[in-house]
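A short worksheet on the structure shown next.
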2 protein chains.
Amino acid sequence: MNEEEQVLIHCLYFTASRFARNITKLAEKTFDFGDVAPSYLYMIMIVKFHPGITQKELCHKLSIAPSTSTRFIDKLEKLKLVTKKMDGKQTRITLTDDGEEVYQQFRISLKELFSSYSKVLGKEFSKDLSKTLHEASNMLERDL
Amino acid sequence: MNEEEQVLIHCLYFTASRFARNITKLAEKTFDFGDVAPSYLYMIMIVKFHPGITQKELCHKLSIAPSTSTRFIDKLEKLKLVTKKMDGKQTRITLTDDGEEVYQQFRISLKELFSSYSKVLGKEFSKDLSKTLHEASNMLERDL
DNA sequence: CCCCTTCATTTGCATATACAAATATATTAG
DNA sequence: CTAATATATTTGTATATGCAAATGAAGGGG
């Protein structure tokens, strides 16, 4: 194995970005919700479990920047999937009935996505990898 | 653990994207090359090891779309780090002397990046995770 | 009650990245 | 050799995402 391959295999920045691109492609195929891209769906899910959550908490739970959350929420609001209510300096987000419905579909697609990649990567392997990535993110977010 | 956390931890699409964002942030801090963003550096490396490589092969090695490669190469050409030569319908890419120099610096930064995340995640853990992601990408690219 | 600081959100701008359509070149069938 | 097809690259357009600066709202000290 030459130096180049070594680097390509051992550099987490590279392998992680590449893997994320690959799995995103798969997710886009699976979550075919017209206007709602996969990343929005996670926001919907979190709002589902925390009605009235503040934007800041959302950012934290999703590990996204505040500006990104603003734009996500704007879009979801336009699609009438969430409502926004000012509360002092904070903004509180809640699902609409349409949002609830999208959430239900989302759960089904999620299972499909699971089985798509489990078929290729193996069920246990997928589960372990996901858990590992989750924990690694936590470590990075804590320590950097 | 509630349903929400389950999903957030077990969905590879989510954990992989999040992890990629976190590690990218770290890479951006480490690779401070002014105009050259981290993702370009891998292209430089591959060209270094395969002078005269075609654009298509580059796309394959980096797992990026052709359009992305066009824009990367354009930018690197403007920075005078690579040259482009038409060869029939293909385009062949080679490093310039400036490109070689950037490559040398890149190798140093790469080591820094390694040690940054190894400090947080552990050396062996990082290595294993990277290798796992590499292999998982290969599987996804082969089977989908 | 007003000013200053602090914190949450938004806006402006920039980058990475993709897909689909357009273009350019090469190859093959007739 | 020309027409049709195949392949590589480019361009138009769109999305996700971030940082830094601007804005807006709260609360404390005078």
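FYI, side chains are in, hydrogens and waters are out, and symmetry mates aren't considered; it's all heavy atoms of this structure. Quick note on labels: first sequence line is chain A, next is B, and so on, each numbered from 1.
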For a side-chain contact (heavy atoms from CB on, under 4.5 Å) check, start with the C-alpha distance between A:Lys48 and A:Gln104, then their side-chain angles and the critical distance, and finish with the verdict.
CA-CA 10 Å; A:Lys48 157 82 180 173; A:Gln104 297 306 330; 4.2 Å; yes
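One atom, NZ of A:Lys29, and another, P of C:dA18, lie 14 Å apart when rounded to the nearest Å. Remark: P of C:dA16 and CZ of A:Phe14 are 15 Å apart, rounded to the nearest angstrom. Spacing between atom CD of A:Glu77 and atom P of C:dT9 amounts to 14 Å, rounded to whole angstrom units. Counting to the nearest Å, the P atom of C:dA16 and the OH atom of B:Tyr42 are 14 Å from each other. Distance, B:Lys78 NZ to C:dT15 P: 11 Å, rounded to whole Å. Between the NZ atom of B:Lys56 and the C1' atom of D:dT9 there is a distance of 12 Å, given to the nearest Å. Rounding to whole angstrom units, CD of residue A:Glu57 and C1' of C:dC7 are separated by 14 Å. A:Arg92 places its CZ atom 16 Å from the P atom of D:dA25, with the value rounded to the nearest Å.
Aromatic ring pairs are classed by plane angle as parallel below 30°, tilted from 30° to 60° and perpendicular above 60°; the pair A:Tyr13 and B:Tyr42 is tilted.
Toward the 5′ end of DNA chain C lies the nearest nucleotide of A:Thr68, the other residue of the pair A:Lys25 and A:Thr68 mapping further downstream. Position along DNA chain C of the nearest nucleotide to A:Met86 versus B:Ser63 favours A:Met86 as the more 5'-ward residue.
Of the candidates D:dA8, C:dT11, C:dA18, C:dT11 carries the atom nearest the A:Arg71 side chain, counting heavy atoms from C-beta on. Nearest nucleotide to the side chain of B:Pro66, out of C:dA16, D:dT10, D:dC19: D:dT10. When the nucleotides D:dT11, C:dT10, C:dT11 are ranked by their closest atom to the side chain of B:Ser67, D:dT11 comes out on top.
The side chain of A:Arg21 contributes an N or O atom lying less than 4.0 Å from OP1 or OP2 of C:dT17. Contact annotation: B:Gln55 side-chain N/O to D:dT10 OP1/OP2 distance is under 4.0 Å. For A:Tyr40 and D:dT15, the shortest distance from a side-chain N or O to OP1 or OP2 is not below 4.0 Å.
Within the 4.0 angstrom heavy-atom criterion, only backbone atoms of the sugar-phosphate kind lie near A:Ser39; the bases stay farther away. If you check every strand for non-hydrogen atoms under 4.0 Å, A:Thr70 touches a base.
Proximity of a side-chain donor or acceptor of A:Glu57 to a complementary backbone N or O of A:Thr54 within less than 3.5 Å is detected.
Here B:Ser116 contributes atom OG and B:Leu26 contributes atom CG; the two are 5.0 Å apart, rounded to the nearest 0.5 Å.
A side-chain contact (heavy atoms from CB on, under 4.5 Å) with A:Val82 holds for exactly one of A:Thr94, A:Leu95, A:Asp98, A:Asp74; it is A:Leu95.
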